[in-house]
Each structure stands twice: as C-alpha cells, then as structure tokens.
Number of protein chains: 2
Amino acid sequence: MTDDLETMDDKLTFARSCCPITNVLDTLGDKWTLLVIRDLVLGKSRYQELLSSPERIASNILADRLKKLEAAGLVIRQAYQQKPARYEYLLTEKGEGLKPVLGAIVAWGQEHYPGTMVFPAVERR
Amino acid sequence: MTDDLETMDDKLTFARSCCPITNVLDTLGDKWTLLVIRDLVLGKSRYQELLSSPERIASNILADRLKKLEAAGLVIRQAYQQKPARYEYLLTEKGEGLKPVLGAIVAWGQEHYPGTMVFPAVERR
DNA sequence: GTCGTTGCTTGCAATATGCAAGTAACAAAG
DNA sequence: CTTTGTTACTTGCATATTGCAAGCAACGAC
C-alpha cells in the first residue's frame with residue numbers, strides 16, 4: 001500500500017506518511033514549538049520575551065525551535081536594530097494560519113484542564 | 001507573576017504553566033500521540049492495527065503512548081477475548097473531544113503540505 | 001575600562017527514542 | 001505431546017534529544 005503511494009508521485013515524498021497530521025507533527029510535534037507560536041501570536045517577538053514566558057524554555061531549545069520554524073517558513077527573523085544587530089521574530093502568513101489549531105487546542109484544553117486560562121496579548125511597545 | 005498564580009489557588013497546580021495549550025502539550029506534544037488518536041478515531045482498536053499504520057511506529061513507543069493515554073483518561077483498554085486475554089483500545093468521550101483539534105491540524109496541513117491526504121476510516125469487522 | 005543588554009553557543013548529564021530480539025499465554029495443527 | 005502462529009507487549013542497548021548552566025560576541029552607557 002505504501003509502495004503504491006511512493007511510486008504514485010515520486011516528486012512528493014513525505015518523511016513518514018502522506019497524512020497531513022503526520023506532516024504537521026513532523027514540524028510541530030514536541031512540547032515547545034506550539035508554545036513559541038502562541039507567544040508570537042500574542043505579540044512577543046524578541047528572544048528575551050520568548051524566554052520569559054512562564055514555562056521557562058531553555059535558551060538552547062528556544063534557539064533550536066526558532067531556527068526550525070524559520071526553516072519551515074512559519075517565522076521570519078529580522079533585525080530591528082543595526083549596532084549592535086538585534087533581531088525580532090515574526091510569524092509569516094503560514095505561521096498565522098496556525099491560529100485555528102491553537103484555538104482548537106485551547107477549547108479542548110479549557111474543557112479538560114479546569115483552571116487553565118488563556119494568556120493575554122502583550123502590549124505593543 | 002507566576003508566584004501570584006501559584007498562591008492564587010494551590011489546589012490547582014500545573015506542571016509548566018496555567019495555559020491550556022501548555023497542559024495539552026504536556027500530554028500530546030510529541031510526534032506520535034496524536035497519530036495514535038487519529039488511528040483510534042479512524043476505527044482502529046487493536047495493537048497490531050495501530051502498529052501497521054504507514055508511519056511504522058515502534059512497538060515500545062506505541063505501548064508507552066497507549067499507557068499514557070489511558071492514564072490521561074483519553075483511552076480505555078478493554079479485553080475483547082479472554083483466553084488468551086486480548087485487548088482493544090477505545091477512545092473515551094474526552095478522547096473523542098480531540099476530533100476538532102485533528103480537524104484543525106488537517107485543514108492547516110492540507111493547505112501547506114500539498115499532496116497530503118486524509119486517511120479513510122477502517123471498515124468495522 | 002567596566003558593566004549591562006541581547007541573542008545566542010557550548011559541554012555535559014539526564015532522558016527519550018527506536019531497533020531488534022525476546023517473552024508469555026493461549027489455540028490450532030500435526 | 002510438540003510445534004507453530006497470533007497477539008500484546010517487554011527488554012537491552014545504541015543513538016538522539018532535552019535541558020542545565022556557563023560562556024561568548026558585539027555593541028552602548030557610564
């Protein structure tokens with residue numbers, strides 16, 4: 001069965017399978033990546049802002065996840081200052097497209113984890 | 001800030017934060033768990049059925065994830081035969097509640113991973 | 001010259017993942 | 001009675017990932 005799919009279109013090859021969920025999880029399936037997306041959606045954009053979320057992500061993990069999100073086209077890294085060079089991370093349209101996914105997770109999570117609460121957007125500087 | 005939350009209601013303590021997304025990811029945030037949920041939604045229920053999905057999950061990982069899903073109340077393990085004892089896994093109502101999450105992931109995934117396709121439900125035996 | 005800020009990198013220990021083989025409890029077949 | 005097959009796992013071990021904590025570079029402020 002998977003043989004057929006592989007020969008069906010050899011321009012399309014998927015790491016694990018042709019299921020959309022599988023492919024999404026190849027990028028987002030860990031404990032931190034969607035939290036980084038959450039923070040970017042909430043308006044955080046700088047490294048220290050992302051580091052300071054209550055979950056206290058490790059710095060090397062944050063750097064790793066941002067790099068992967070950039071490579072996947074969900075995030076762009078752009079300088080907001082030149083000397084010294086300082087960067088902010090912004091969601092692309094593709095990344096913004098994950099809002100309904102976060103929304104669905106929030107809906108299910110609020111129902112099954114009483115007492116949880118959605119974090120507020122950050123004030124723009 | 002997190003101090004306040006911690007003292008606010010010490011009956012409610014969360015592993016990493018009080019965000020619903022964080023808590024959901026504590027259970028579901030890896031590459032395999034939502035795929036197991038997907039297969040159960042599609043009607044698979046036995047261990048070999050789950051093992052045989054195209055992604056070829058490792059047996060020890062599948063066993064580990066099913067145990068965790070059972071502990072989290074998303075799945076029940078029940079015997080469908082006594083001698084020898086043989087088990088099937090079924091989603092609970094809580095587990096079924098993840099369908100919108102999978103739906104949102106599929107919607108985003110199909111848009112951004114062209115060529116992916118939703119797997120069909122399995123025929124009931 | 002020193003200190004602070006920002007965005008990382010690095011070394012290393014702990015934990016998770018996954019390969020491949022193995023196990024147990026049965027029934028069926030010979 | 002023995003062998004084989006099925007099913008649902010467990011186990012040992014190598015590899016990969018995670019995360020702690022310290023460190024680094026490039027600036028400006030003092």
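So you know, we letter chains A, B, ... as the sequences are listed, proteins then strands, and number each from 1.
- Between B:R77 and D:dT7 there is no side-chain polar atom (N or O) within less than 4.0 angstrom of OP1 or OP2.
- When the C1' atom of C:dG7 is taken as reference, atom CG of A:L62 falls 9 Å away, rounded to whole Å.
- Residue A:R65 places none of its side-chain N or O atoms closer than 4.0 Å to OP1 or OP2 of C:dC8.
- One finds no side-chain N or O of B:Y47 lying less than 4.0 angstrom from the OP1 or OP2 phosphate oxygen of D:dT10.
- Listed nucleotides D:dT18, D:dC27, D:dA8 differ in distance to B:Q48; the shortest reach to its side chain belongs to D:dA8.
- Proximity note for B:A63 (side chain, C-beta onward) versus C:dC8, D:dC9, D:dG19: the nearest is D:dC9.
- Each of A:K83 and A:I57 lies near DNA chain D, and the nucleotide nearest A:I57 is the one positioned closer to the 5' end.
- Residue B:W32 is the one, among B:W32 and B:S59, whose nearest nucleotide of DNA chain C lies closer to the 5' end (criterion: closest heavy atom).
- Rounded to whole angstrom, the span from the CG atom of B:N60 across to the C1' atom of C:dA21 amounts to 12 Å.
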A:E55 vs A:R38, test: salt bridge (charged side-chain N to carboxylate O under 4.0 Å, His left out). Steps then yes/no. CA-CA 12 Å; A:E55 295 89 3; A:R38 176 203 67 194; 2.8 Å; yes
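- Residue B:Q78 places its CD atom among more than 12 non-hydrogen atoms of other residues, nucleotides or ligands, all under 6.0 Å distant.
- The distance between atom CZ of A:R46 and atom C1' of C:dT5, rounded to the nearest whole Å, is 12 Å.
- Dashed line: the shortest gap from a side-chain N or O of A:Y80 to OP1 or OP2 of C:dG7 is under 4.0 Å.
- Rounded to whole Å, the distance from CG on B:D64 to C1' on C:dG18 is 12 Å.
- Contact of B:R86 with D:dT6 (side chain to base): a donor-acceptor pair of N or O atoms is detected under 3.5 Å.
- The structure places NZ of B:K67 at 11.0 Å from CG of B:L62, a figure rounded to the nearest 0.5 Å.
- Under 4.0 angstrom from either OP1 or OP2 of D:dT10 there lies at least one side-chain N or O belonging to B:K67.
- One atom, CD of B:Q82, and another, P of C:dA24, lie 21 Å apart when rounded to the nearest Å.
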